[in-house]
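Please read the structure below before turning to the comments.
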Amino acid sequence: MAVQDYKPWGTSPFLQLQAQIPLQSKPEANSVSRACWHSLPQLCSLHGLPSSARSIPCQTTLLKLPTAGPDEMVSEKSHLGDQQEPGHEDPNADARPLSMPTRRGPRSLPPIPSASRTGFAEFSMRERMREKLQAARSKAESALLQEIPTPRPRRLRSPSEKELETEFGTEPGGKIQTTQQEDDSQSYSRVKFRDSVRKIKSKTPVPPGFPSAEEAYNFFTFNFDPEPEESEEKPKAKNRDGANQEEGEGEEEEAPVPEGIDKTDEEVLLDDKDAVDFLLGLDRGAEDIVAVRPADYESVHIRLQKEKELLFIPSRRTVPTYKKLPENVQPRFLEDEGLYIGARLEVPRTNQNIMENRLLMQEPGRRWFGDDGRILALPNPIKPFPSRPLVLTQEQDIKAELETLYKKLQALRNAVQVSLNPAKTPKSLDTTRRAINEYKSEIRQTRKLRDIEQEKDRTLLKTIIKVWKEMKSLREFQRFTNTPLKLVLRKEKVDQKADEEAYEAEIQAEISELLEEHREEYEQRMDEYRSAHQQWKAWKKAQRTKKKKKKQGVEEHPDDEMEEPYPEEDPVKPVPPEPTNQAVIEQEVRERAAQSRRRPGEPMLVPELSLAGSVTPNDQCPRVEVLRREDVKRRSVYLKVLFNDKEVSRTNSRPLGADFRVHFGQIFNLQIVNWPESLTLQVYETVGHSGTTLLAEVFLPIPETTVVTGRAPLEEVEFSSNQHVTLDHEGVGSGVPFSFEADGSNQLTLMTSGKVSNSVSWAIGENGIPLIPPLSQQNIGFRSALKRADAISSIGTSGLTDMKKLAKWAAESKLDPNDPNNAPLMQLILVATSGESYVPDFFRLEQLQQEFNFVSDEELNRSKRFRLLRLRSQEVPEFRNYKQIPVYDREIMEKVFQDYEKRLRDRNVIETKDHIDTHRAIVAKYLQQVRESVINRFLIAKHHFLLADLIVEEEVPNISILGLRLFKLAEQKRPLRPRRKGRKKVTVQNLSDGDIKLLVNIIRAYDIPVRKPITSKFQQPPRSSRTFSEKQAASPTTHSPTHSADYPLSQVLVRPFVEVSFQRTICHTTTADGPNPSWNEELELPFRAPNGDYSTTSLQSVKDDVFINIFDEVLYDVLEDDRERASGIHTRIERHWLGCVKIPFSTIYFQAKIDGTFKIDTPPVLLGYSKERSVVAERGFDPVRSLSEGSYITLFITMEPQLVPGESVREKFDSQEDEKLLQATEKFQAECALKFPNRQCLTTVIDISGKTVFITRYLKPLNPPQELLNAYPNNPQATAELVARYVSLIPFLPDTVSFAGICDLWSTSDQFLDLLAGDEEEHAVLLCNYFLSLGKKAWLMMGNAIPEGPTAYVLTREQSHYLIWNPCSGHFYGQFDTFCPLKSVGCLIGPDNIWFNIQRHDSPLRINFDITKPKLWKSFFSRSLPYPGLSSVQPEELIYQRTDKAAAAELQDRIEKILKEKIMDWRPRHLTRWNRYCTSTLRHFLPLLERSQGEDVEDDHRAELLKQLGDYRFSGFPLHMPYSELKPLIEAVYSTGVHNIDVPNVEFALAVYIHPYPKNVLSVWIYVASLIRNR
Amino acid sequence: MAAAGPSVFLLMVNGQVESAQFPEYDDLYCKYCFVYGQDWAPTAGLEEGISQITCKSQDVRRALVWNFPIDITFKSTNPYGWPQIVLSVYGPDVFGNDVIRGYGVAHVPLSPGSTSVCENICFRHKRTIPMFVPESTSKLQKFTSWFMGRRPEYTDPKVVAQGEGREVTRVRSQGFVTLLFNVVTKDMRKLGYDTGPPDTHGILGPSPPQGLPG
């Protein structure tokens, strides 16, 4: 029975243990422990230990034993009793106290009875026990005596030493024999202890009645000795409680002894340590000996020595090869034998040596070394180029295997076939038939080849003749001959008749062959047809019978129909193949023959080239020719021979012959030591006595080993030089175009080129042996092997293009098929050796690609899922943010692709549905394309990262920043006028819906139009429709006749409120009073990005606008009866639109905040409201404001959190500008940025094709339309205004919206007019150009304005003052106008210079526009860099077509119709009545407005309206905007809110007028009004 | 539809950010977040977390123990963009500013398994992630950043989970963080993705339907 180690995951050990502790053992155990008890104090005193130390667990010596099966659990459990006691009482005092303090304190073991860890079979015998005790005591004493001196020094050991000891102790395996028994047991105990401690830790609390924690602890730290018999243990368990001490001892005694070992043995064991050793060595598995011994001390010396035994330090020296290889074996180098072994990983030599030494020491078996004496290693897995991971390797293997299997199978089948026909004749027949077939195919092949060759031959002959003719003509033209070349065409007469016959015969033969071929094919097909026909017939039959059956069985088996096979596999009736038409074939053959063959009877032409021609002598040549010949004579050529890139010899210098030939005729013998790696000839040319020039290098192939002297053929190697030589005589030179023709056409460029005839071969020694270096001598086998495998060195470069030659070479060279370098060639060899002589005329680059495709291309294209994945990874806008692509194709709806496909389709189709006129549709299409290309460019640029994109790093503070910080410390904590502080910017990555809010702070407004008092004499509004406030105000003075006179003082002039709408969310402020209201309210609007995509690109392309509408809240008293007035108030609130401010979201996004006073966009005519009154009222105390025309609102708009706008495209665009100029621009910009980093400085811009262009090239006087000039021939100011208006009518389209990357593209004015869309720059450039052509001094002004941000304005100089023009609105401002939206000026750009503002201020109010002062304006071109006269990119002249009036009228009708429909749509629950009379009145009125540009017509208009619509209450206004698309018009009408009236008897009027300007610029007027009939 | 098989697979991850070894620093806390592809969506659990501040243990191991639990479930249709856990460790410097002490990233283990031991196979997903911080661009920058307590940081810790743009940065290694994962997957095998170890007692679902995703 084996003793087992206790397993921690055993089930409830305590329970079992209790039950099994034997009763019998009680008395003995008692006695033993008692004895121990007595001896303990003695020991303690001996050691001088405090008695408290007794409880410190000491080290036990346990023997670790192999685990055993669960059945043996019992035996060990029975020891519980024994192990508990020692913990309490320390019965075995002999060893414990000694070892206890010496070894690790807290981790050391509990006390254990140990010394006499021997077995006892009988426990009923008291005497024996006593004896035993005696022995134990004596032993303990002796041990004590030995150990006394040791403990102290040990206690002083440092923890590290202890650590060492433990390490030492835990590896007992090797030491059992050498060290003492104590050592062994100690180490074992330690191991054991650790195990047991771990076990304890994992234990759950002990249930009541079970051993206490301490007991358990002792139990576990104790060792379990084997029980001889289970039966004996049982009684033990019973008397466990009482038998504490005895058990401890008894256990020990009985434990190690297996059954059958008798008393004497134990005694021997007790006394004789050798025997214990013996036991341990022999019988460790079967028993467990516990002995407590002090750990012995080793001196450093000894330890070092031991270490020496144990530790091995491998030497770094190279291991001689014989050590690594088996005896008497020569190293074998596989690579030299031509096998591919792959490149090894680079490992330093020393490391290799260390490893080899180590391996040699450890594993003398030498399995680590290969045949070449090196460590076995796999080739380097790292490829020099990125490659796709091997995904399908396994399948590949399987596939290959399958293939071989398949082949085998086939071979077997063949064999079977053959063996099935044992008779010999059929076999041979079979083979002959096959042979015939093969021959036939060969014949076919050869015929094809022959045809090709013949054709080539003929064309060659033709070209020869042609060239000769050309040469002849040239000679005639030059009137001299240079070369003795002469071509003679020898005609060979042929017998016409015989020839014809032969020809015919050949054709016939071919025809018959072809016929046969066709016949075979036909038969084959016929067979197929027959079988197909049979099948079809059968099917038909079956069908018929089925039909019959069906008819019969419909009643009986109604579900028969279900089983009916679907007609899906309806076999089509096969069509019999057409028989071959002999005539057709014949014709084909004849045609081919006529093409490629000599016609019968035609004489055979044999060209012969001879040098018999006569060269014109010098004196008959023209002067230049003579010069040339002399020049040629002066030139000489020699060759250098380079071997392995070293010059070894050179030829004599030989003069160039008149026919450009040089004959050297020299043989160079090279005696070489190294393997030849390269052989090069360098061709040098010497002119007269001047220096030599290297013409070209010619690389010669290293000859094959078979090529020896005498057998080497003369080879010609072509060379060519790329030198440019221009000669001053007739010679053509090199690299210089010239012409053979008299008129200089057909220019040719010849380079110096030629041929070197040479032969290279190996010499033959004296005894006829070729002197070729033996292969083994090649020092670096691998490299030279590669050399041999190098196709170029063996067949020459020209061979590479000749597929046949290459294939032949590949087949002959016996390449290593395993070398991946040879893979492409192996493919070739496969083809070349596959039997047919066919060689493909392509060379596959990725011959393994096929195997790496995980599905076929068709499948890839068919699968909707793969398509979706692919489109997404390509960042196609529709799919860029597609989330959760479904797993299955069937879950992907077809409509996902609809938008995308539609867009692809529409790219080429111009849709006219959305765009009313085709021109704009084309423009939109074009813009779309430009946009796409820009976006693509941007997408590429987006993947370039800068450090700042990834890492936030504080900049090194400079003095100014530090100073600023210091200054900040002194700043007031709560300044009187607080300023807005900058907030931390947020990157857009981790945002989601609802995170971003738009904050609109509406502060105040100025000069809101006020209601006009109703002063009309002839129309007093009825009571009920008077305004509520009016009534209130009026009520105290009802009786006053001067009602209208004091009206302005008492009446609330206007009650405005502001409504902000963004993304169809609407917020409004409270209502304020008066024309200068102050709200100071913050409105919060949520922002939603399209598709929930908060990336920078997506946010940039948000096209939504923020509409800030100002309304007047009007209360109408709707009380019907005056009598109720006392009891209740019934009013209706109406809102009257006064104007709006529209701010694009993109502006807010890029500006981060918008702060300022904006002009409210009010309709030109606002019926019922006027401004004069307020001006009159306030003129007294606000003179500045009164200067302004129009209303203003002060706003602050920002986003929360602040978003970081995307960076502009960091891509360097190519340019056609001079490099110097570009450098100057960079320098200029850097200088400007250094001084005034916030001022805009523009020198180069990007044109629409993506090229960098210098900005002044855009400015050039351009003619405005003549029509505009004719309008006010005598008033230049009016003309200028009209021109500005014309420019402002061109629709505005910001680049940032259209080109999602902040990439500002500038189009030229003609492009701009063609596109009819552009942003500030284009407008400004056009306006500036017009002004220049009008003779004004005009500049482009770059600066910051509100709300646009960085923008372009136009500055003009009038007689005495400057005017600032807003090109997008057509408005102009004086330099000192406070309401000018331009807030800062960065630079001025004229047609020939750029001036940067270096004044202290940049506000136009405070700067001087005199650009001639260099202290105020830094100019780009100055004296040091004069203006080089850059040509303009603008066209010479703008051409304007007159707009088709009829088309405009048609458009006008359509818009009106659509808008009317829209208004009806917006009022789904109300009836919308149209007042035709009013509409026609309005329509009549709109052209007036256009003519007067919306000014000074209000009064007339109102009067007229009142006259015509006397009994209606009218509210409405005209809207004016440039025409671009329909959508903005609809939006504008919607934003006025006219349709919101829900008074039951309301009527509407809507009129549209389009005024066409030249070049299709359309000005749109929409008059929208609501009418309420007064009762 | 239900009979046709699942249309998503689920990945449940729990575990903990166990401990860290930062030989030079003390009083550290750690933040984790998950980065996953477009086809992934968390269905339950916390995507981000920030741990308590921990001090070094007094024993020789000098470990910083957080034992900070992770528990999250994802659903997905495509293994591309498999979730990665991004860790960033912060702690005070000499002047008491919280500075970055390390960034690290690890993919959530692909194969299901827990830290328990069963049948002699221990599916233990224990990951020790080396941590690193970006370096300053120059010596002067390094000094000032040390002085000001504003060390270079990534604009977004999630940068470490992406390969793009890393070429512009330089980093230095700082220490290690040990993570434990228990991973449960559902329906992966049914959808044709086999990631687990040879599953001896796993019951194969109905044969994968046609149009297997790749």
Side-chain angles (χ1 to χ4, degrees), chain A residues 8-9 159-160 163 391 853-856 859-860 862-866 868-870 872-873 875 879-892 942-958 961-962 965 985-992 1091-1093 1095 1204, chain B residues 1 4-9 33 35 37-41 47-48 60 75-78 80 100 117 133-138 140-145 147-160 162 164-171 187 190-193 209-214:
Chain A
W9 49 83
S160 63
E163 211 50 43
V391 197
N853 292 339
F854 79 113
V855 286
S856 64
E859 203 174 328
L860 206 65
R862 212 171 44 228
S863 164
K864 278 185 272 184
R865 182 168 191 266
F866 289 142
L868 211 54
L869 285 168
R870 206 149 28 135
R872 186 175 69 180
S873 83
E875 303 199 2
F879 307 102
R880 199 178 301 154
N881 293 294
Y882 200 92
K883 298 239 162 79
Q884 297 242 333
I885 290 175
V887 188
Y888 299 109
D889 276 356
R890 57 181 142 80
E891 288 171 26
I892 299 171
K942 211 180 71 179
H943 293 281
H944 291 276
F945 286 88
L946 290 186
L947 183 69
D949 298 336
L950 289 176
I951 287 176
V952 191
E953 191 174 19
E954 286 278 294
E955 279 186 27
V956 178
N958 54 25
I961 293 175
L962 280 177
R965 292 212 172 163
K985 294 194 173 185
V986 175
T987 42
V988 285
Q989 280 124 334
N990 28 17
L991 292 171
S992 60
N1091 312 324
D1093 174 16
S1095 66
V1204 181
Chain B
M1 208 60 198
S7 60
V8 290
F9 64 84
C33 59
V35 177
Q38 284 178 316
D39 296 323
W40 291 77
E47 247 185 280
E48 290 182 305
V60 280
K75 73 171 177 190
S76 171
T77 57
N78 189 356
Y80 175 73
I100 183 72
V117 179
V133 286
E135 278 274 77
S136 296
T137 41
S138 68
L140 180 63
Q141 292 265 43
K142 194 167 185 170
F143 172 72
T144 51
S145 68
F147 188 71
M148 318 259 290
R150 306 280 292 269
R151 310 281 169 92
E153 284 182 28
Y154 282 122
T155 49
D156 185 358
K158 290 176 180 177
V159 164
V160 298
Q162 81 188 38
E164 217 171 40
R166 294 276 280 275
E167 73 275 10
V168 298
T169 64
R170 291 187 308 158
V171 299
D187 293 339
K190 280 186 198 159
L191 292 177
Y193 302 114
Q210 42 81 31
L212 264 187

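A quick note: this is a predicted structure, and the numbers were derived from the prediction, not measured. Labels below follow one simple rule: chain letters A, B, ... track the order of the sequence lines, proteins then strands, and each chain is numbered from 1.
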- Query: Measuring heavy-atom distances to chain A, does B:Thr169 have an atom under 4.5 Å in its side chain, in its backbone, in both, or in neither?
  - Reply: both
- Query: What residue in B:Phe9, B:Trp40, B:Phe143, B:Tyr154 has the most heavy-atom pairs under 4.5 Å with chain A?
  - Reply: B:Tyr154
- Message: Taking every non-hydrogen pair under 4.5 Å, which of B:Ser136, B:Gly37, B:Ser145 racks up the most with chain A?
- Response: B:Ser136
- side chain to side chain contact (heavy atoms under 4.5 Å, CB included) with B:Tyr80: which residues, sequence neighbours excluded? A:Arg872, B:Asn78
- Those residues that, when tested against A:Phe879, pass ring-ring contact (aromatic ring centres under 6.0 Å, His included) (two or more places apart): A:Phe897, A:Tyr900
- Exercise: do B:Asp39 and B:Ser76 side chains pair donor with acceptor under 3.5 Å: no
- Item | Enclosure of A:Lys864 NZ (heavy-atom neighbours >12, cutoff 6.0 Å) | yes
